[in-house]
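Each residue takes its place number in the sequence, starting with 1. Atoms within each ligand, like the ligands themselves, are counted from 1 in listed order.
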Amino acid sequence: MNNSVTPKFWGIVPAAGAGKRMGASIPKQYLSIRGKPVLAHTLERLLAVIEIEQLIVALSPEDEYWETLALTAHPRIRRVNGGKERADSVLSALQYLSGFATADDWVLVHDAARLCITVSDVRRLIEQMRHHPVGGILAAPSSDTLKEVSGSDILATADRSRIWRAQTPQMFRLHALKNALEQAACSGMAVTDEASALELQGLQPAIVEGRADNIKITRPEDLALAAFYLEQQCSE
Ligand SMILES: Nc1ccn([C@@H]2O[C@H](COP(=O)(O)OP(=O)(O)OP(=O)(O)O)[C@@H](O)[C@H]2O)c(=O)n1
Ligand SMILES: C[C@](O)(CO)[C@H](O)COP(=O)(O)O
C-alpha cells in the first residue's frame, strides 16, 4: 500500500498592514488602481493559479473595507485576523491552515501589496521548488551598483552578483514555516520575510528569478508605476 500523500499548495495573503509609508487615508491594499482595489487585483491573479487550493487572507481586525470587495464570498478564499507585524499575520494564517492542511503541504505567502504578480511567475516558482528540500522565493537581481555606507560615507561596493531583491511569493512547507516563524517570534527576532525565518534555522532557501515588475507598492510614487505595469501586462 502506498501511504504517501501528494502535497497540496495553499496561498497566504498578508493584507493587514496600515500602509504608513503610503500615507493615504485608507490602507494601501484598498486604494484603487485601474478601477479596482489593489487587493482585488492580487487575489484575482492568485486565484488564476489553479494549483493553489485556497487563499487565506489575513486582515486587520479593524478592517472596514474587505466587505466592499466582490471576491469576499469566493469559495477558494478564507479570511483570518492578522497581527501587529507582517510575520504575525502570516503566523495567524498558518495556524488556521494547520487545522486541516498537512504538515508537508506547500504554502505560498504573497504580499497583498504586490498586485503585478503574474500567473507564469507563480507557476515557475511552484515547478522549480516543489521537489526542493527547503523551498524558495521569487527574487530579482539588482540593476544598480550597490554601496555599503555609513552616514554619507561609502564604505564599500557590494558584489551585486551575490545580492538579490526578495519578492513574493515565498514558498515553504507548512510545518517548517510555522515552526521557523514561531521560533523567530520566541527569540525576539524581527523577520520581514519568510525566508529570513528559515535562514535563522540554518536552512538555505533558494531563489527563483522573478520579473522586475513584481513591485510592492510602498510609497505614493509606486501607484503610477503599478498602473503602468498592469497596462503593459494586459498587452503581453
Ligand atoms: N501587520 C501587518 C503588516 C503588514 N502586512 C502586509 O504585509 C505586506 C507587506 O508589508 P508592507 O509593504 O510593509 O505593508 P504595510 O505594513 O501596510 O506598510 P507600512 O510598513 O508602510 O505601514 C502588505 O501586503 C501588508 O498588508 C500584514 O499583513 N500585517
Ligand atoms: C516580504 C517582502 O515583500 C520582501 O521584499 C518585504 O520584506 C515585506 O515588507 P517590508 O517591511 O517593506 O520589507
Exercise: do Asp213 and Gln232 side chains pair donor with acceptor under 3.5 Å: no

Ligand 1 contact by Gly83, heavy-atom criterion under 4.0 angstrom: yes

Side-chain H-bond candidate by donor/acceptor type, Arg123 with Gln128, under 3.5 Å: no

Proximity flag Glu194 to ligand 2, non-hydrogen atoms under 4.0 Å: no

Protein heavy atom at shortest distance from atom 5 (N) of ligand 1: Gly17 N, 3.5 Å

Nearest-0.5 Å distance, SG of residue Cys116 to CD1 of residue Ile215: 5.0 Å

N or O pair under 3.5 Å between Thr168 and ligand 2: no

Backbone N/O of Ile33 and side chain of His41: donor-acceptor pair under 3.5 Å: yes

Atom 8 (C) of ligand 2: nearest protein contact (heavy atom, Å): Thr192 O, 3.6 Å

Atom 6 (C) of ligand 1 [closest protein heavy-atom partner, distance rounded to 0.1 Å]: Pro14 O, 3.4 Å

Shortest protein heavy-atom distance from atom 17 (O) of ligand 1, along with the residue and atom involved: Gly19 N, 2.8 Å

Protein heavy atom at shortest distance from atom 11 (O) of ligand 2: Arg21 NH2, 3.8 Å

Nearest-neighbour protein heavy atom for atom 8 (C) of ligand 1, which is reported as residue plus atom name and distance: Asp111 OD1, 3.4 Å

Atoms of ligand 1, numbered as shown, that sit under 4.0 Å from any heavy atom of Ala113: 24 (O)

Spatial distance of atom CD1 (Ile126) from atom CE (Met171) [nearest 0.5 Å]: 6.0 Å

Side-chain H-bond candidate by donor/acceptor type, Glu199 with Gln204, under 3.5 Å: no

Joint hydrophobic cluster, Ile52 plus Leu174, side-chain heavy atoms closer than 4.5 Å: no

Atom pair CG (Leu203) and CG (Leu198), whose distance is rounded to the nearest 0.5 Å: 5.5 Å

Worked verdict on Lys36 versus Glu44 for salt bridge (Lys or Arg N to Asp or Glu O under 4.0 Å): CA-CA 11 Å; Lys36 220 169 7 188; Glu44 281 176 12; 2.7 Å; yes

From the candidates Lys28, Arg219, His110, the one that places a heavy atom nearest atom 14 (O) of ligand 1: Lys28

Identified side-chain hydrogen bond (donor to acceptor under 3.5 Å, both in side chains) partner of Arg86 from the options Asp111, Asp193, Thr192: Asp111

Thr218 heavy atom under 4.0 Å from ligand 2: no

Taking only distance into account, with no hydrogens and no angle test, what donor-acceptor pairs under 3.5 Å do side-chain atoms of residues 93-104 form with protein atoms, sequence neighbours excluded?
unit_1	atom_1	unit_2	atom_2	d
Ser98	OG	Leu94	O	2.8

Within-cut-off N or O pair, Ala58 and ligand 1, under 3.5 Å: no

Option of least heavy-atom distance to atom 2 (C) of ligand 1 (set: Arg114, Arg86, Gln29, Lys216): Arg86

Protein heavy-atom partner closest to atom 22 (O) of ligand 1 - residue, atom, separation in Å: Lys20 N, 2.7 Å

Close-contact set for ligand 1 against Ser89 heavy atoms, below 4.0 Å: 1 (N), 2 (C), 27 (C), 28 (O), 29 (N)

Residue part near ligand 1, for Arg21, under 4.0 Å between non-hydrogen atoms: both

Under-4.0 Å salt bridge between Glu236 and Arg211: yes

Interfacing atoms of ligand 2 (cut-off 4.0 Å, heavy-atom, Asp193): 1 (C)

Shortest protein heavy-atom distance from atom 28 (O) of ligand 1, along with the residue and atom involved: Ala16 N, 2.9 Å

Contact check: Gln167 vs ligand 2, nitrogen or oxygen atoms, below 3.5 angstrom: no

For atom 3 (O) of ligand 2, the protein heavy atom that lies nearest, with its residue and separation: Asp111 OD2, 2.5 Å

Side-chain donor/acceptor of Gln170 to backbone N/O of Leu108, under 3.5 Å: no

Side-chain ion pair, Arg219 and Asp222, N-O less than 4.0 Å: no

Per-atom contacts of ligand 2 with Ala166, taking only distances under 4.0 Å to non-hydrogen atoms: 4 (C), 5 (O)

Ligand 2-proximal atoms of Arg165, by part, heavy-atom distance under 4.0 Å: neither

Distance filter under 4.0 Å to Ala18 heavy atoms, resulting ligand 1 atoms: 17 (O)

Within-cut-off N or O pair, Met22 and ligand 1, under 3.5 Å: no

Shortest protein heavy-atom distance from atom 12 (O) of ligand 2, along with the residue and atom involved: Lys216 NZ, 2.7 Å

Cluster check Leu59, Val38: I/L/V/M/F/W/Y, side chain < 4.5 angstrom: yes

Polar side chain donor-acceptor pair, Asn214 to Tyr229, under 3.5 angstrom: no

Ala112 N/O under 3.5 Å from ligand 1 N/O: yes

